[in-house]
Amino acid sequence: MTATPKRIFNFINGDFIEPIAGKYLDNIEPATGKPYAQVAESGKEDVDLAVAAAEKAFVPWSKKPAAERSKILLRIADLIERDLEKFARAESIDTGKPITLARTLDIPRAVANFRFFATAILHTENEAHVTDGVAFNYTLRQPRGIAGLISPWNLPLYLLSWKIAPAIAVGNTAIAKPSELTPMTAFLLCEVCVEAGLPNGVLNVIHGTGPNVGAAITAHPKITTISFTGGTVTGKKVAEACAPLFKKVSLELGGKNPNIVFADADLDAAIAGSVRSSFANQGQICLCGSRVFVEKAIYKDFVDRFIDKASQLKRGDPLDEKTEQGAIVNKAQLDKIKFYVDLAQQEGGKIALGGNSPKAPNDRTRDGYFFSPTVIVDLPVACRTNREEIFGPVVTIMPFSNEDEVIGYANDVEYGLSSSVWTQNLNRAHRVAEQIHTGTVWVNCWLVRDLRVPFGGMKASGVGREGGEEALRFFTEPKNVCIAKS
Ligand code: NDP
């Protein structure tokens with residue numbers, strides 16, 4: 001097991017190479033506010049090199065039997081699992097997330113992504129359609145060529161591997177761009193790919209900023225498939241770049257997710273689940289339930305108990321085993337959170353918990369980016385704080401009177417990513433789930449993510465679905481072969 005590097009190079013054609021312009025960006029540890037490594041600041045020329053490598057690798061890789069591709073992906077999964085501790089530590093340092101979260105959620109999920117798609121390709125079925133007396137049709141699903149995979153900083157390896165695994169499993173080659181804020185585990189993944197025997201050029205990773213590397217990927221005519229996860233504003237730019245080139249695009253974007261608690265809910269479970277969905281990863285998960293709606297009859301009790309539980313979350317150095325709330329990813333994100341907490345107060349909100357940066361947990365983290373779990377009450381439902389994505393440890397809690405009213409509140413935003421409903425009334429659960437405009441509705445749970453289910457958002461939360469069969473379909477081109485009956 002090698003140590004984490006001081007300089008993060010690009011990975012092209014199986015080699016770790018410097019960016020052509022020789023430029024680097026500081027890679028800052030959020031918990032300390034200090035650079036601890038440097039990451040390649042690449043540009044279009046580096047993307048061109050990666051495209052050449054991916055193009056060369058495509059034919060042999062796509063022609064390899066699925067069973068052979070599967071074996072290599074399974075080896076990648078095994079090697080990440082072998083190095084789980086190294087990956088978890090790197091993810092925690094790079095993002096500021098608690099090491100226990102990286103160890104139990106992010107890295108195991110990356111392992112699962114590779115295993116899932118490695119085995120999924122061994123169990124596919126092709127459709128056949130008989131046209132009575134005329135012809136026999138079957139559907140070929142073939143890899144599309146080079147896939148561009150762009151991911152955000154909040155769940156770096158979790159999300160990048162959720163794209164890389166299906167893209168290459170079905171026979172595409174790939175060019176991936178992690179967020180330049182959190183590049184370390186993508187680099188470690190490349191080391192693992194070499195050890196697993198992934199042929200050169202099948203996976204290429206280009207580091208750098210969105211406007212340089214991300215835009216070069218979306219604009220490149222030879223990269224015909226784009227899977228993007230990130231903010232809605234960036235998603236719009238990606239869509240604009242891809243549309244004139246007729247690229248196949250999947251956009252997984254932001255959210256402002258409602259978390260609805262009915263008076264008939266199991267309150268202990270609803271409070272525990274809601275605290276988790278509000279503050280996991282410091283609220284920096286696209287699926288976090290940032291708008292909590294509570295039925296009037298239990299509102300006061302819920303708020304008191306929610307605040308009591310949230311105030312017990314252990315804040316600290318992300319590398320401390322006991323920490324439950326780590327650091328915010330960077331200063332810009334911390335400033336954005338502070339801006340929204342100020343705005344909430346101008347809009348009439350009252351801070352019931354937090355609302356500030358706590359004292360640094362230790363000397364090492366004196367200059368780190370921390371913000372306390374924050375609860376805001378008394379806000380009108382339709383204010384900016386309740387409509388715009390904050391992406392931090394900030395939730396608003398609001399009362400509602402009845403089912404119809406809360407469904408209206410839940411849907412009254414631009415976003416439509418996910419929602420949670422807490423109730424013990426099964427009929428109500430079905431009724432509400434049917435009427436909420438989100439890609440996922442969780443009932444009495446949150447973040448249960450079966451790899452087989454379709455995943456994605458409605459409205460401004462995205463276009464298309466990935467996950468399971470949807471991902472296999474997204475990364476392939478269906479072709480109808482029609483054979484006449486003589
Ligand atoms: P961004 O949209 O800022 O960035 C996402 C990725 O896109 C990064 O790699 C970024 O690079 C890159 N990028 C930036 N500009 C461009 C461009 N013009 N062309 C192509 N790529 C570009 O999102 P964040 O990294 O800030 O992540 C947070 C957002 O992601 C939140 O809105 C969150 O809701 C959303 N998200 C959605 C998920 C979902 O499944 N729906 C899951 C997780 C997060 P760089 O880092 O250099 O800016």
Side-chain angles (χ1 to χ4, degrees), residues 25 27-28 39-44 47 94-95 97 105-106 109 148-163 175-183 186 205-220 223 226-243 247 249-257 280-290 328-330 332-337 388-392 413-418 438-440 447 449 453-467 470-471:
L25 296 159
N27 187 19
I28 291 169
V39 59
E41 186 179 8
S42 315
K44 184 181 170 309
V47 172
D94 227 15
T95 60
K97 71 178 65 205
L105 177 79
D106 294 73
R109 182 57 167 215
L149 314 172
I150 302 174
S151 60
W153 46 259
N154 62 330
L155 300 166
L157 194 65
Y158 179 124
L159 288 173
L160 200 61
S161 58
W162 148 267
K163 298 179 186 302
I175 298 176
K177 187 203 112 47
S179 169
E180 94 272 3
L181 299 177
T182 55
V205 176
I206 307 294
H207 297 280
T209 66
N212 288 331
V213 177
I217 289 174
T218 56
H220 202 294
I223 305 177
I226 299 287
S227 170
F228 171 85
T229 301
T232 295
V233 173
T234 320
K236 235 180 229 174
K237 291 185 194 154
V238 170
E240 280 165 10
C242 293
K247 298 193 181 200
V249 184
S250 162
L251 300 171
E252 307 282 356
L253 309 176
K256 189 74 184 175
N257 309 309
N281 203 35
Q282 298 74 247
Q284 302 166 121
I285 299 181
C286 53
L287 304 164
C288 277
S290 50
I328 303 300
V329 75
N330 68 0
Q333 193 61 24
L334 183 64
D335 289 344
K336 183 178 170 199
I337 293 165
E388 297 174 17
E389 187 183 42
I390 302 173
F391 219 57
V413 284
E414 266 187 54
Y415 296 104
L417 189 56
S418 70
T438 58
T440 299
L447 205 62
R449 288 280 302 108
V453 305
F455 178 79
M458 296 182 185
K459 306 196 282 185
S461 290
V463 179
R465 292 290 180 276
E466 293 187 39
E470 302 281 344

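As the structure lists them, so they are numbered: ligands from 1, and atoms in each ligand from 1. Nothing fancy with the numbering, it's 1 onward along the sequence.
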TODO: Measure from atom 38 (C) of ligand 1 to every heavy atom in C286, G208, G439, A219 and give the option owning the shortest one.
DONE: C286

Open item on the list: Is the contact between T229 and ligand 1 made by the side chain, the backbone, both, or neither, using heavy atoms and a 4.0 Å cut-off?
Closed with: both

- [ ] Just need the protein heavy atom nearest to atom 7 (O) of ligand 1, so name the residue and atom and give the distance.
- [x] F228 CE1, 3.2 Å

- [ ] For the residue pair F228 and V249, establish whether any side-chain heavy-atom pair is separated by less than 4.5 Å.
- [x] no

Task: Matching residue for D94 among P183, S179, P178, P156 - test: side chain to side chain contact (heavy atoms under 4.5 Å, CB included) - done: P183

- [ ] Give the residue, atom name and distance (to 0.1 Å) of the protein heavy atom nearest atom 18 (N) of ligand 1.
- [x] K237 CD, 4.0 Å

Open item on the list: I'd like to check which ligand 1 atoms, numbered from 1 as shown, lie under 4.0 Å from a non-hydrogen atom of I150.
Closed with: 6 (C), 7 (O), 9 (O), 12 (C), 20 (C), 21 (N)

TODO: Quick one: look up the protein heavy atom nearest atom 27 (O) of ligand 1 and list residue, atom name and how far away it is.
DONE: P152 CB, 3.2 Å

Open item on the list: Once rounded to the nearest 0.5 Å, what's the spacing between atom CG of N257 and atom OG of S290?
Closed with: 6.0 Å

Task: Per-atom contacts, ligand 1 versus L417 - under 4.0 Å to a heavy atom - done: 41 (N)

TODO: Evaluate side chain to side chain contact (heavy atoms under 4.5 Å, CB included) for K163 paired with T229, printing each intermediate quantity in order.
DONE: CA-CA 9 Å; K163 298 179 186 302; T229 301; 2.6 Å; yes

TODO: Mark up the atoms of ligand 1 that fall under 4.0 Å of a heavy atom belonging to L159, in ascending order.
DONE: 42 (C), 43 (C)

- [ ] Would you tell me which option among A176, G456, P211, S151 has the nearest heavy-atom contact to atom 6 (C) of ligand 1?
- [x] S151

- [ ] State the CD1-CD1 distance between I206 and I150, to the nearest 0.5 angstrom.
- [x] 12.0 Å

Open item on the list: Just to confirm my output: which protein heavy-atom neighbour is closest to atom 35 (C) of ligand 1, and how far is it?
Closed with: G230 O, 3.2 Å

Open item on the list: My understanding is that we take every heavy atom of each candidate and find the minimum distance to atom 33 (C) of ligand 1. Doing that for F455, F391, Y158, Y415, which one comes out nearest?
Closed with: F391

Task: Any N or O of S461 closer than 3.5 Å to N or O of ligand 1 - done: no

Open item on the list: Evaluate T95 against W153 for side chain to side chain contact (heavy atoms under 4.5 Å, CB included), listing each step before the verdict.
Closed with: CA-CA 7 Å; T95 60; W153 46 259; 5.9 Å; no

Open item on the list: Using side-chain heavy atoms (C-beta onward) and a distance below 4.5 Å, is I226 in contact with I217?
Closed with: yes

Open item on the list: Does atom NZ (K44) have a neighbourhood of more than 12 heavy atoms from anything else shown, all under 6.0 Å?
Closed with: no

- [ ] Could you tell me whether the side chain of R449 reaches within less than 4.5 Å of the side chain of L287, counting heavy atoms only?
- [x] yes

TODO: Find the distance between NE2 (H207) and CG (N212) and round it off to the nearest 0.5 Å.
DONE: 14.5 Å

Task: Short N or O distance, N154 and ligand 1, threshold 3.5 Å exclusive - done: no

Open item on the list: Working note: I223 + K247, criterion side chain to side chain contact (heavy atoms under 4.5 Å, CB included); need CA distance, chi angles, decisive distance, verdict.
Closed with: CA-CA 8 Å; I223 305 177; K247 298 193 181 200; 4.1 Å; yes

Task: A215 touching ligand 1 at heavy-atom level, < 4.0 angstrom - done: yes

Open item on the list: With heavy-atom distances below 4.0 Å as the criterion, list the atoms of ligand 1 near T209.
Closed with: 47 (O)

Open item on the list: Measuring from atom CD of E388 to atom OG1 of T232, what distance do you get when rounded to the nearest 0.5 angstrom?
Closed with: 11.5 Å

Task: L181 contact mode with ligand 1 (heavy-atom cut-off under 4.0 Å) - done: neither

Task: atom 13 (N) of ligand 1: nearest protein contact (heavy atom, Å) - done: G210 CA, 3.3 Å

- [ ] Between E41, E180, E389, flag the one that comes closest to atom 46 (O) of ligand 1 by a heavy atom.
- [x] E180

TODO: Flag the pair K97 / N154 as yes when at least one side-chain heavy-atom distance between them is below 4.5 Å, and no otherwise.
DONE: no

Task: Atom pair CD1 (I337) and CD1 (I390), whose distance is rounded to the nearest 0.5 Å - done: 8.5 Å

Open item on the list: With a heavy-atom distance limit of 4.0 Å, tell me whether L253 approaches ligand 1 through its side chain, its backbone, both, or neither.
Closed with: backbone

Task: Minimum-distance protein heavy atom relative to atom 3 (O) of ligand 1 - done: T234 OG1, 3.7 Å

- [ ] Run down the list P156, G214, A216 and name the one with the heavy atom closest to atom 20 (C) of ligand 1.
- [x] G214

TODO: Identify, for atom 23 (O) of ligand 1, the protein heavy atom at the shortest distance, and state residue, atom and that distance.
DONE: G231 N, 3.3 Å

- [ ] Under 4.0 Å from a heavy atom of E252: give me the atoms of ligand 1 that qualify, with their elements.
- [x] 37 (C), 39 (C), 40 (O), 41 (N)

- [ ] For ligand 1, find out whether one of its N or O atoms is nearer than 3.5 Å to an N or O atom of K177.
- [x] yes

Task: Part of Q284 with heavy atoms under 4.0 Å of ligand 1, whether side chain, backbone, both or neither - done: neither

Task: Taking atom 25 (O) of ligand 1 as the reference point, the nearest protein heavy atom with its distance - done: W153 CD1, 2.9 Å

Task: Proximity flag G457 to ligand 1, non-hydrogen atoms under 4.0 Å - done: no

Task: Interatomic distance, K256 atom NZ to K459 atom NZ [nearest 0.5 angstrom] - done: 13.5 Å

Task: Proximity to ligand 1 by part of I285, non-hydrogen separation under 4.0 Å - done: neither

Open item on the list: Has E466 got a side-chain atom pairing as donor or acceptor with S250's backbone, closer than 3.5 angstrom?
Closed with: no

